[in-house]
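Quick one: the structure is below, and I'll ask about it shortly.
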Amino acid sequence: MPGCFKKTLFALASLISFVSFILIVVAMGTPKWMTGKILCKTGADLVNATDPELVKFIGEIYYGLFRGGKIRQCGLGGRRSKFTIFPHMVKKLNTGLHVMIILFLCVAIFFSLVSFGFCILNAIKVPYRAINGPAGACLWNFLAGGFVVLAVTSFMAAVKLHHLTERIANFRENVFRFVILEERFEDSFWICVASATAHAVNLLLIAISGIHFPKIKTKTEEVNVTAEDIMY
C-alpha cells in the first residue's frame, strides 16, 4: 500500500486530471474562443466616413471551433447573425488545420481520462508493473498536456498566420468587405491553456511523490539500573 503522503498526492493528481477533462470539453462546446471588432470597409469607403463617423461601420464578431456570430454595421444599423463552421464555412478556412485542432483536443480528452485512471490506481495501491506506476502516470499527463498545447498553438497559427477571423467575417459577403480592427483571445482559449497547465502541475506532483524523505529516528536513552536503585 502507498503511504499517506503518496496517496494524497495521487488523489490530488487524479482530481486535477478530471478537472482538465471537464475544461477541455467545456472549451470545445463554447463559441467564445475569439472575439474582435470588424470594420465594414466597403460601406465606409462609399460615404468617405471620417473618424467620428466610423463608429457606424464598426461591428463585432465572435467564434469558436464549431459556431459563432457577428454584428454587421454598414451604416444602416446593426444586423445580428449566427453561423456554424461545419459543414459549409470550413471549406473557406484552412480545413486541415481546423480539423487538426479538434482532433488534438479529442486526443487530449482521451489521455486526460487515462491519466485520471492511472492516478486513481496509484492512490489505491502500488502497481507491480512500472508502466502502471508513476512512470505511466507521467507519460499520460505529458501526452494530454502536449496535445492541448498543440491545439492551442495550431489555433493561434490559424488566427495569426491564416487570418481566420477575416475569413470568417467575410464568409458569403458578396457586396461588403470587412477588415479586422481588433482581435482578442477569449475564455475558451484560456480554459485550454489552464488545462495544459493542470497537467504540468500533475507532472510536478508525481515527481514529488517519488522523493524519499529521510525518516526521523528518535534515540532511546539507555537505562542503567544500579544496586542502589534496586534497594529503593
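Reckoned from all heavy atoms, side chains included, excluding hydrogens, waters and symmetry mates.
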Subject >> Path from Met89 to Tyr62 over hydrophobic side-chain contacts below 4.5 Å >> reply: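 No.
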**OP:** Apply side-chain contact (heavy atoms from CB on, under 4.5 Å) to the pair Leu12 and Thr8, showing each step before the final yes or no.
**Re:** CA-CA 6 Å; Leu12 181 59; Thr8 304; 5.6 Å; no
Original post:
Can you tell me how far CE of Met34 sits from CG of Leu164, rounded to the nearest 0.5 angstrom?
Top reply: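 Answer rounded to 0.5 Å: 7.5 Å.
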Original post:
Would you say Phe66 has more than 12 foreign heavy atoms packed within less than 6.0 Å of its CZ?
Top reply: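 Correct, the count exceeds 12.
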Subject >> Whether Ser14 side chain and Ala11 backbone form a donor-acceptor pair below 3.5 Å >> reply: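 It does hold such a pair.
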**OP:** Report yes if the side chains of Phe118 and Ile206 come closer than 4.5 Å at any heavy-atom pair, otherwise no.
**Re:**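 Counting from C-beta outward, Phe118 and Ile206 never come under 4.5 Å.
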**OP:** Report the distance from atom CZ of Arg67 to atom CZ of Phe83, rounding to the nearest 0.5 Å.
**Re:**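 Taking CZ in Arg67 and CZ in Phe83, the distance rounds to 11.0 Å.
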**OP:** Kindly give the heavy-atom pair with the smallest separation between Val149 and Ala196, and that separation in Å.
**Re:**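 Closest heavy-atom pair between Val149 and Ala196: CG2-CB, 3.9 Å.
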Subject >> Any side-chain heavy-atom pair of Asn141 and His199 under 4.5 Å >> reply: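 They are in contact (side-chain heavy atoms under 4.5 Å apart), so the answer is yes.
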**OP:** Using a 4.5 Å cut-off on heavy atoms from C-beta on, say whether the side chain of Phe178 contacts that of Cys74.
**Re:**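 Of all side-chain heavy-atom pairs linking Phe178 with Cys74, at least one is under 4.5 Å.
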Subject >> Within-4.5 Å side-chain heavy-atom neighbours: Val19 and Ile22 >> reply: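 They are not in contact (no side-chain heavy atoms under 4.5 Å apart), so the answer is no.
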Original post:
CG of Asn170 to CD1 of Ile38: how many Å apart, nearest 0.5 Å?
Top reply: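 CD1 of Ile38 is found 8.0 Å from CG of Asn170.
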**OP:** Decide side-chain contact (heavy atoms from CB on, under 4.5 Å) for Asp187 and Thr30; before the verdict, give the C-alpha distance in whole Å, the side-chain angles of both, and the deciding distance to 0.1 Å.
**Re:** CA-CA 9 Å; Asp187 295 343; Thr30 52; over 6 Å; no
Original post:
Does Phe171 have Lys70 sitting over its ring (NZ/CZ under 6.0 Å from centre, angle to axis within 45°)?
Top reply: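 Pair Lys70/Phe171 does not count as cation-pi.
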Original post:
When hydrophobic residues are tied together by side-chain contacts of less than 4.5 Å, even through go-betweens, does Ile168 share a cluster with Val179?
Top reply: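 No, Ile168 and Val179 fall in different hydrophobic clusters.
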Subject >> Thr95 side-chain N/O to Val90 backbone N/O, donor-acceptor pair under 3.5 Å >> reply: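 Present.
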Original post:
Crowded around Phe142 CZ? As in, over 12 foreign heavy atoms under 6.0 Å?
Top reply: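 No.
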Original post:
Do other residues, nucleotides or ligands put more than 12 heavy atoms under 6.0 Å from the CZ atom of Phe110?
Top reply: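 Count not over threshold, so no.
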Subject >> Stepwise side-chain contact (heavy atoms from CB on, under 4.5 Å) test for Glu166 and Glu183 >> reply: CA-CA 10 Å; Glu166 186 174 349; Glu183 289 177 317; over 6 Å; no
Original post:
For Ala144 and Ala108, which heavy atoms make the closest approach, and how far apart are they?
Top reply: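 Taking every non-hydrogen atom into account, O-CB, 3.7 Å.
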Subject >> Heavy-atom side-chain contact between Ser17 and Ile120 under 4.5 Å >> reply: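 No, side chains not in contact.
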**OP:** Could you label the plane-to-plane angle of the Phe111 and Trp140 rings as parallel, tilted or perpendicular, counting under 30° as parallel and over 60° as perpendicular?
**Re:**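 Ring orientation, 0 to 90° scale: parallel.
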**OP:** Answer with yes or no whether the hydrophobic clustering places Leu181 together with Ile61; edges join I, L, V, M, F, W, Y residues whose side-chain heavy atoms lie under 4.5 Å apart.
**Re:**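 In one cluster with Leu181: Ile61, no.
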**OP:** Give the intermediate values and the outcome of side-chain hydrogen bond (donor to acceptor under 3.5 Å, both in side chains) for residues Arg184 and Thr35.
**Re:** CA-CA 5 Å; Arg184 295 185 304 275; Thr35 60; 3.2 Å; yes
**OP:** Mind listing the closest non-hydrogen atom pair of Gly78 and Ile71 along with its distance?
**Re:**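 Result for this residue pair: CA-CG2, 4.1 Å.
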Subject >> Distance (rounded to the nearest 0.5 Å) between Leu39 CG and Asp45 CG >> reply: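 Output value for this atom pair is 8.0 Å.
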Original post:
What do the steps show when you test Ser195 against Ile191 for side-chain contact (heavy atoms from CB on, under 4.5 Å), and what is the final call?
Top reply: CA-CA 6 Å; Ser195 172; Ile191 285 174; 5.8 Å; no
Subject >> Nearest non-hydrogen partners of Ala157 and Leu97, listed with the distance >> reply: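 Result for this residue pair: C-CD2, 4.4 Å.
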**OP:** Measure from the side-chain N and O atoms of His98 to the backbone N and O of Leu65, and report whether any donor-acceptor pair falls under 3.5 Å.
**Re:**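 Yes: the side chain of His98 pairs with the backbone of Leu65.
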**OP:** Give a yes or no answer on whether the side chain of Thr197 reaches the backbone of Val193 with a donor-acceptor pair at less than 3.5 Å.
**Re:**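 Here the side-chain-to-backbone pair exists.
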Original post:
At what distance, to the nearest 0.5 angstrom, does CD of Glu186 lie from NZ of Lys32?
Top reply: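 Spacing of CD (Glu186) from NZ (Lys32) equals 6.5 Å.
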Original post:
What distance separates Cys138 SG from Leu204 CG, expressed to the nearest 0.5 Å?
Top reply: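 Between atom SG of Cys138 and atom CG of Leu204 there are 10.0 Å.
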Subject >> Atom CZ of Arg79 with >12 non-hydrogen neighbours under 6.0 angstrom >> reply: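 12 or below, so no.
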Original post:
Which of parallel (below 30°), tilted (30 to 60°) and perpendicular (above 60°) describes Phe147 and Phe104?
Top reply: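 Ring orientation, 0 to 90° scale: tilted.
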Original post:
Just wondering, do Trp33 and Phe155 contact through their side chains at under 4.5 Å, heavy atoms?
Top reply: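 Yes; the side chains approach each other to less than 4.5 Å.
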Original post:
If two hydrophobic side chains count as joined below 4.5 Å and joins carry through other members, does Val107 share a cluster with Leu139?
Top reply: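 Yes, same cluster.
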Original post:
Do the side chain of Arg167 and the main chain of His162 share a donor and acceptor less than 3.5 angstrom apart?
Top reply: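 Side chain of Arg167 to backbone of His162: a pair is present.
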Subject >> ILVMFWY network linking Phe185 to Val152, side-chain heavy atoms under 4.5 angstrom >> reply: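 As far as the 4.5 Å side-chain criterion goes, Val152 and Phe185 are connected within one cluster.
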Subject >> Donor-acceptor contact below 3.5 Å, side chain Asn202 vs main chain Ala13 >> reply: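 Flag set: sc Asn202 to bb Ala13 pair under 3.5 Å.
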**OP:** Could you tell me which non-hydrogen atom of Ile24 sits nearest to which non-hydrogen atom of Leu105, and how far apart they are?
**Re:**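 Answer, listing the atom of Ile24 first, then Leu105: CG2-O, 3.8 Å.
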Subject >> Nearest heavy-atom neighbours spanning Ala137 and Phe10 >> reply: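 Closest approach of Ala137 to Phe10: CB-CE2, 4.4 Å.
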Subject >> Heavy-atom check, side chain of Ser115 versus side chain of Cys119, under 4.5 Å >> reply: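 Yes - at least one pair of side-chain heavy atoms lies under 4.5 Å apart.
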Subject >> Validation row: Phe57, Val47 side chains within 4.5 angstrom (heavy atoms) >> reply: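 Yes, their side chains come closer than 4.5 Å.
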